[in-house]
Asker: 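Structure in structure tokens, see below.
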Amino acid sequence: MTTTDAEKTPADFWFDPLCPWAWMTSRWMLEVEKVRPVEVRWHVMSLAVLNEDKLDTLSEKYAAFLRDAWGPVRVVVAAQQEHGDEVVGPLYTALGTRFHNQGLPRERETIVAALEEVGLPVELADHADRDTYDTQLRASHKEGIDKVGQDVGTPVIAVPGSDGEQIAFFGPVVTPTPRGDQAAKLWDGTLLVASVPGFYEIKRTRTQGPIFD
């Protein structure tokens, strides 16, 4: 017996392609789709947008990272606008694998290779330096942030709460990516805390960086 799309639990996931922690969590969500009746719906948010009013308070290194961050997210939004929602997940995987697992530079050549892998026009890479779809980018970013609040970063995940209304969280932040039964347990726990009215946060200091596998 197979589970129909209508019977699957929706999980809305907001990511910035350059965020390593969002990448870790997104790979967990792909594992969850294998072990639970879940459908992930991919959306962009932007670290550049999130921090655009804070640039004067940030280190030059992080400010430079944020300047680089405009390009990939703009390309993903352009692909979504011109080719549909269904390309967002595969393109994110192609980009993220190159940026995070392979450590390739955040430049046009890397983006073009990702577009080619998923069968999208390489001309979409031109949007890295264009603001053509920035209105749509900002709208997607705002949708995610409005669900979870301003005091977070990426990723943002929204799942059904006890009454079916979406409850959004920053995270879960996890490394390495949980697989199999561990992925299922973390998902079940996410739904559990979302079902508790008034639950907001569990947190501890990170002592390990992202482990890409």
Asker: Mind checking whether Val148 and Tyr200 sit in one hydrophobic cluster, side chains of I, L, V, M, F, W, Y counted as touching below 4.5 Å?
Answerer: no
Asker: Look up atom CG in Asp68 and atom CD in Glu107, then write down how far apart they are to the nearest 0.5 Å.
Answerer: 10.0 Å
Asker: How far apart are the closest heavy atoms of Trp187 and Ala11, and which atoms are they?
Answerer: CH2-CB, 3.8 Å
Asker: Among all residues two or more places apart in sequence or in another chain, which pass the side-chain contact (heavy atoms from CB on, under 4.5 Å) test with Asp134?
Answerer: Trp70, Arg74, Asp131, Leu137
Asker: So do the side chains of Leu30 and Lys34 get within less than 4.5 Å of each other, counting heavy atoms only?
Answerer: no
Asker: What about Val75 and Val112, same hydrophobic cluster or not, with Ile/Leu/Val/Met/Phe/Trp/Tyr joined at side-chain heavy-atom distances under 4.5 Å?
Answerer: no
Asker: Shortest non-hydrogen contact from Trp21 to Pro210?
Answerer: CZ2-CD, 3.6 Å
Asker: Nearest 0.5 Å, please: how far is CG in Leu124 from CZ in Arg130?
Answerer: 9.5 Å
Asker: Start with the C-alpha distance between Lys185 and Asp181, add both sets of side-chain angles, then the distance that settles side chain to side chain contact (heavy atoms under 4.5 Å, CB included), and finish with yes or no.
Answerer: CA-CA 6 Å; Lys185 287 181 178 179; Asp181 187 54; 3.0 Å; yes
Asker: Rounded to the nearest 0.5 Å, how far does NE2 of His141 lie from CD of Gln136?
Answerer: 15.0 Å
Asker: Do any N or O atoms from the side chain of Thr25 and from the backbone of Gly171 form a donor-acceptor pair under 3.5 angstrom?
Answerer: no
Asker: Quick check for you: to the nearest 0.5 Å, what is the distance between Leu91 atom CG and Ile111 atom CD1?
Answerer: 9.0 Å
Asker: Is the backbone N or O of Ala94 less than 3.5 Å from a side-chain atom of Thr97, with the two atoms forming a donor-acceptor pair by type?
Answerer: no
Asker: Taking Thr110 for its side chain and Pro105 for its backbone only, find out whether a donor-acceptor pair lies under 3.5 Å.
Answerer: yes
Asker: Does a donor on one side chain and an acceptor on the other come within less than 3.5 Å for Arg27 and Thr93?
Answerer: yes
Asker: Give a yes or no answer on whether the side chain of Thr175 reaches the backbone of Ile211 with a donor-acceptor pair at less than 3.5 Å.
Answerer: yes
Asker: Can Arg98 and Glu117 be counted as an ion pair, charged N to O under 4.0 angstrom?
Answerer: yes
Asker: Is a side-chain donor or acceptor of Asp16 paired with a backbone partner of Leu47 at a separation under 3.5 angstrom?
Answerer: yes
Asker: Tell me, do Lys142 and Val49 make a side-chain contact under 4.5 Å, heavy atoms counted?
Answerer: no
Asker: Measure across Ala69 and Ala48 and return the closest heavy-atom pair with its distance rounded to 0.1 Å.
Answerer: CB-CB, 4.5 Å
Asker: Charged N to carboxylate O below 4.0 Å: is that the case for Asp129 and Arg108?
Answerer: no
Asker: Taking all atoms of both residues into account, what is the closest heavy-atom pair of Thr154 and Phe170, and its distance?
Answerer: O-CE1, 3.5 Å
Asker: Is it true that Tyr92 and Val173 fall in one hydrophobic cluster, defined by side-chain heavy atoms closer than 4.5 Å?
Answerer: yes
Asker: Taking side chain as C-beta onward, heavy atoms only, is Leu18 less than 4.5 Å from Phe65?
Answerer: yes
Asker: Assess whether side-chain hydrogen bond (donor to acceptor under 3.5 Å, both in side chains) is satisfied between Gln80 and Tyr133, documenting all intermediate values.
Answerer: CA-CA 10 Å; Gln80 179 186 36; Tyr133 297 112; over 6 Å; no
Asker: Are any of the side-chain heavy atoms of Arg36 and Thr9 separated by less than 4.5 Å?
Answerer: no
Asker: Look at the side chain of Trp28 and the backbone N and O of Ala183, then say whether any donor-acceptor pair between them is shorter than 3.5 Å.
Answerer: yes
Asker: Can you tell if the side chain of Val159 reaches within under 4.5 Å of the side chain of Gln166, non-hydrogen atoms only?
Answerer: no
Asker: Taking the six-membered ring for Trp, are Trp23 and Phe15 ring centroids under 6.0 Å apart?
Answerer: no
Asker: Using modelled atom types only, decide if a donor and an acceptor are shared between the side chain of His43 and the backbone of Ser140 within a distance under 3.5 Å.
Answerer: no
Asker: Does the side chain of Trp42 come within less than 4.5 Å of Asp85's, by heavy atoms?
Answerer: no
Asker: Kindly compute the distance separating NZ (Lys8) from CZ (Arg41), expressed to the nearest 0.5 Å.
Answerer: 12.5 Å
Asker: Drop me the distance from Glu143's CD to Lys147's NZ, to the nearest 0.5 angstrom.
Answerer: 5.5 Å
Asker: Return the minimal non-hydrogen interatomic distance between Ile167 and Gly161, and the atom names on each side.
Answerer: CG1-CA, 3.8 Å
Asker: When clusters are formed by joining ILVMFWY residues with side-chain heavy atoms under 4.5 Å apart, either directly or through shared neighbours, do Val35 and Phe13 land in the same one?
Answerer: no
Asker: Are Val152 and Leu58 connected in a single hydrophobic cluster, I mean Ile/Leu/Val/Met/Phe/Trp/Tyr linked by side-chain heavy atoms less than 4.5 Å apart?
Answerer: yes
Asker: So does Asp151 have more than 12 non-hydrogen atoms from other groups sitting under 6.0 Å from CG?
Answerer: no
Asker: Of all heavy-atom pairs between Pro121 and Leu115, which one has the smallest distance, and what is that distance?
Answerer: O-CD1, 3.8 Å
Asker: Please determine whether the number of non-hydrogen atoms from other residues, nucleotides or ligands lying under 6.0 Å from atom CD of Glu165 exceeds 12.
Answerer: no
